[in-house]
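FYI, the numbering just counts along the sequence from 1.
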Amino acid sequence: MHAPIKYAEKGLSIAANGLWQVFSQLNKISPNPSMTPRWSDKPLLKSHQKTKPPLGWPRQTDSLCPTCVREARQAILDGTRPLDTLLNEKVGEIKAVIDEKDGKIVMMKDCPIHGHFEDTMAIDTDFFKHLEAVFPGRDIRAHNDEKLHNHGSSTIKHGRGSVLTVDLTNRCNMMCDPCFMDANQVGFVHELTWDDIKTVLDNAITIKPKRQMSVQFSGGEPTLSPYFLDAVRYARKVGYSSVQAATNGIEFAKSFDFAKAAAEAGLRYAYLQFDGIGNAANAHRRVGNLFDVKLRAIENLYNAGVDIVPVITIVNGVNNEQVGRVIEFALDNPKKINFLSFQPVSFTGRDEEVTPERRAAQRYTLSHLAHDVKNQTGLGEPVRDWFPISFMGTFTDWADLAKGPETEWGNLTCGCHPNCGIGMAVMIDKETKETVPVTAFLKAEQLAKDIAQVNDAARGKFLTVAGMALALARNYDPFKAPTHFKLSDLMKKFDKTFGATGRDYGKVSGDRTRADIDKRRGDRWNFLFIAGMWFQDLFNYDFRRTEMCIIPYATQMGEISFCAYNTGIGWRNIIEKMHMTATLTKWYEEHGRHEIFAGNKPVPLSTTEHSLKLNAEAVAAGAQTDLDVLGIAKNARDEKIAARKKKDMTPEEQRHHAEMEKLYRKEVLKEQPGVPVLQIQGLKKAPPQPQTTH
């Protein structure tokens, strides 16, 4: 039975709906012009002023030939082709068509030299359509940015992004797959000096709109940089309210004192590499006790006051069965985990020259993620509960209006392309652990439309906040919310997230104290956000995504789209080589070798104790073996070994291999007999495909 308060709240919701009709009509009369805040030289965009890239299908876009790009990059590195060609020419660029084929969304492209390429963009056409349909449009165009955004076709054009990524070093204390940067394998060290670090952070806040509220120190392993703690401290000093580290957690697991020092310097989030539950689920990283390391890192970081975001690189056939287990881990530990970031594999870095066979078997899309979450946990309807992360732009626009024009920084805005990232919000009762997707009791699409109306009217703080309250109330269904959840809790959650009213929920600024941290953690409700970020590779590259990047890399040659840096033409390879600190030989002579945990070498831990709740069955489960029966390698290293084995197979072994592959396609990939299978043809030249415009 529902408590009386639920019926009272239903009455409030009905009343709010009636008030909204009046409020909405009045709001449409002579709306105010958009404000121009201090952090932008251009006014905020109203909803009808926001532009969108071509969406839907069939549509044409600009992409890259995987082989042309690798050849051109090598020529630049060898000095036989000038770097300026990346600024003045469309190096390696070819047209691509995104269309439906065999019930999937695929990208198809043809290079006149290297032939036909295809790859899967989504396995669920309705899901793909939904994500693009609710995309609210692009953010303000970047301005005052000419010195930092000048990278030819790869130039970032829209918005200011949400996270500035700074690679402190290409050194790492692991040597595993997959790896964006091929750490420890390039023959030289690229490590930012203290002056480099200050320069890139200072430069970033000159761009308008100034809404870069997060900076993430990465690598390699950022904790190996001698300037790691100083960098965190300086980022806080110049105004970044959210300072993060993308880390494997080894140094934090080894030392609570180090975790405490990082927290005191101002580290707010640790984006912790976390591939699954149990050491077997992490075995492909080739560290003997890696899961124990993760648990100790979480324990030390949380106790020090740093929040943890497990980051799961998902490879189909390697660890996709871990999706449900990782979510269960978060649900079992709601006081310690309030964000999960799943990252479908991008075949770049060590994996850039992946074989077509392995790429087809291991490809994992955002649509795979939404369906795996539902199938493995029972949580979430793909079309109802998942949205592009850019969907939140309407709400951050509202927060900008509510805070007024005199604020120094704009709100963090994830204004990326709808194909880039998705999210599902889940409300968890920390006391009872009851869990309900937020969009099961809050009509998200209608709420966003309502808030867009509030934003477009631009009535000032009081009416802007009142409009949000009415919109939340009228779109809220108390009978579908968690048992002890109240409408007032929903209002507080939104206010805590966006900080619009100025109420003190615990500071997040650089001068925050441990009391602030504990105050924010004292909330009974965990707003768990399950995100999926799908980085591009050469096989699915789309320049319409690149120009909207929200997580640029800060480098010695300006700020570059995440995907253009790690893949695309490969700005990382070029910049790191041009600005290398020393050859490995020279570095080792002057600094000695740093310890690397590889070949199943365990990390020495003083203790493996922790207070986290674990599913014993998940911990004890073995590694996923889907690919083993096919003889398909799990990574680049094993691929070379597998290729040699396959070459030596007898005819009978080859027939057995073919039967196992057929079984895999039927049982794992769920392909139907008699239905044409998407073939990725690699470098074999094929007749040109008709290219259809949007």
Side-chain angles (χ1 to χ4, degrees), residues 53-76 81 85-86 88-123 125 128 132 152-154 344-348 351-367 417 419-420 534-548 561 563-564 566-571 669 671 675-694:
L55 299 173
W57 68 85
R59 70 174 185 255
Q60 189 181 77
T61 191
D62 297 303
S63 189
L64 293 165
C65 168
T67 309
C68 286
V69 164
R70 293 198 297 267
E71 291 174 352
R73 183 196 307 150
Q74 192 59 51
I76 293 171
R81 183 169 187 162
T85 59
L86 297 186
N88 306 317
E89 300 177 16
K90 296 184 179 295
V91 178
E93 293 187 33
I94 57 176
K95 297 295 181 183
V97 173
I98 295 173
D99 202 355
E100 183 176 352
K101 182 177 180 180
D102 302 332
K104 303 175 183 178
I105 302 297
V106 299
M107 176 181 281
M108 298 170 280
K109 53 189 178 181
D110 291 276
C111 172
I113 302 171
H114 300 108
H116 185 68
F117 299 87
E118 290 187 10
D119 215 330
T120 303
M121 301 289 292
I123 58 170
T125 57
F128 192 83
E132 297 193 339
S153 298
S154 301
V345 64
S346 168
F347 295 109
T348 187
D351 288 307
E352 189 173 69
E353 297 189 39
V354 60
T355 63
E357 180 185 40
R358 179 160 71 92
R359 176 160 54 91
Q362 294 187 352
R363 177 61 79 199
Y364 193 85
T365 70
L366 296 174
S367 55
H417 194 287
N419 297 164
C420 290
W534 189 24
F535 304 119
Q536 301 180 88
D537 51 47
L538 289 173
F539 307 97
N540 55 31
Y541 203 85
D542 183 348
F543 279 95
R544 299 297 81 76
R545 292 175 59 181
T546 302
E547 63 196 18
M548 295 171 61
S561 152
C563 293
N566 284 314
T567 182
I569 197 62
W571 282 92
L669 301 185
E671 292 174 351
V675 176
V677 174
L678 173 63
Q679 297 293 330
I680 299 177
Q681 300 176 35
L683 303 182
K684 182 180 178 182
K685 189 168 182 178
Q689 297 291 313
Q691 297 189 339
T692 322
T693 56
H694 182 262

With [X], which residues qualify under side chain to side chain donor-acceptor pair (under 3.5 Å), at least two apart?
| X | answer |
| --- | --- |
| S153 | E93 |
| S63 | K109 |
| E353 | none |
| T365 | S367, H368 |

Answer whether the closest heavy-atom distance between the side chains of [X] and [Y] falls below 4.5 Å.
| X | Y | result |
| --- | --- | --- |
| W571 | N566 | no |
| M108 | D99 | yes |
| R70 | E352 | yes |
| F347 | Q362 | yes |
| D542 | I98 | yes |
| W57 | F128 | yes |
| M121 | V106 | no |
| F117 | C65 | yes |

For R358, salt bridge (charged side-chain N to carboxylate O under 4.0 Å, His left out) partners two or more places apart: D351, E639

Please give me the minimum heavy-atom distance between G92 and C68, naming the atom from each residue. CA-CB, 4.0 Å

Minimal heavy-atom distance between L366 and N419, with the atoms involved, is CD1-O, 3.6 Å

Could you pull out all residues at least two apart from T85 that satisfy side chain to side chain contact (heavy atoms under 4.5 Å, CB included)? I76, R81, P82, E89, V91

Side chain to side chain contact (heavy atoms under 4.5 Å, CB included) with P53: which residues, sequence neighbours excluded? L55, F135, R138, H417, R544, M548

For E118 and R359, what are the C-alpha separation, side-chain angles and deciding distance, and is it a salt bridge (Lys or Arg N to Asp or Glu O under 4.0 Å)? CA-CA 11 Å; E118 290 187 10; R359 176 160 54 91; over 6 Å; no

Hey, is the main chain of A122 close enough, under 3.5 Å, to the side chain of T120 for a donor-acceptor pair? no

Run the ring-ring contact (aromatic ring centres under 6.0 Å, His included) test against F543 and tell me which residues pass, sequence neighbours left out. Y541

Tell me, with the steps shown, if R363 and D537 meet salt bridge (Lys or Arg N to Asp or Glu O under 4.0 Å). CA-CA 11 Å; R363 177 61 79 199; D537 51 47; 3.0 Å; yes

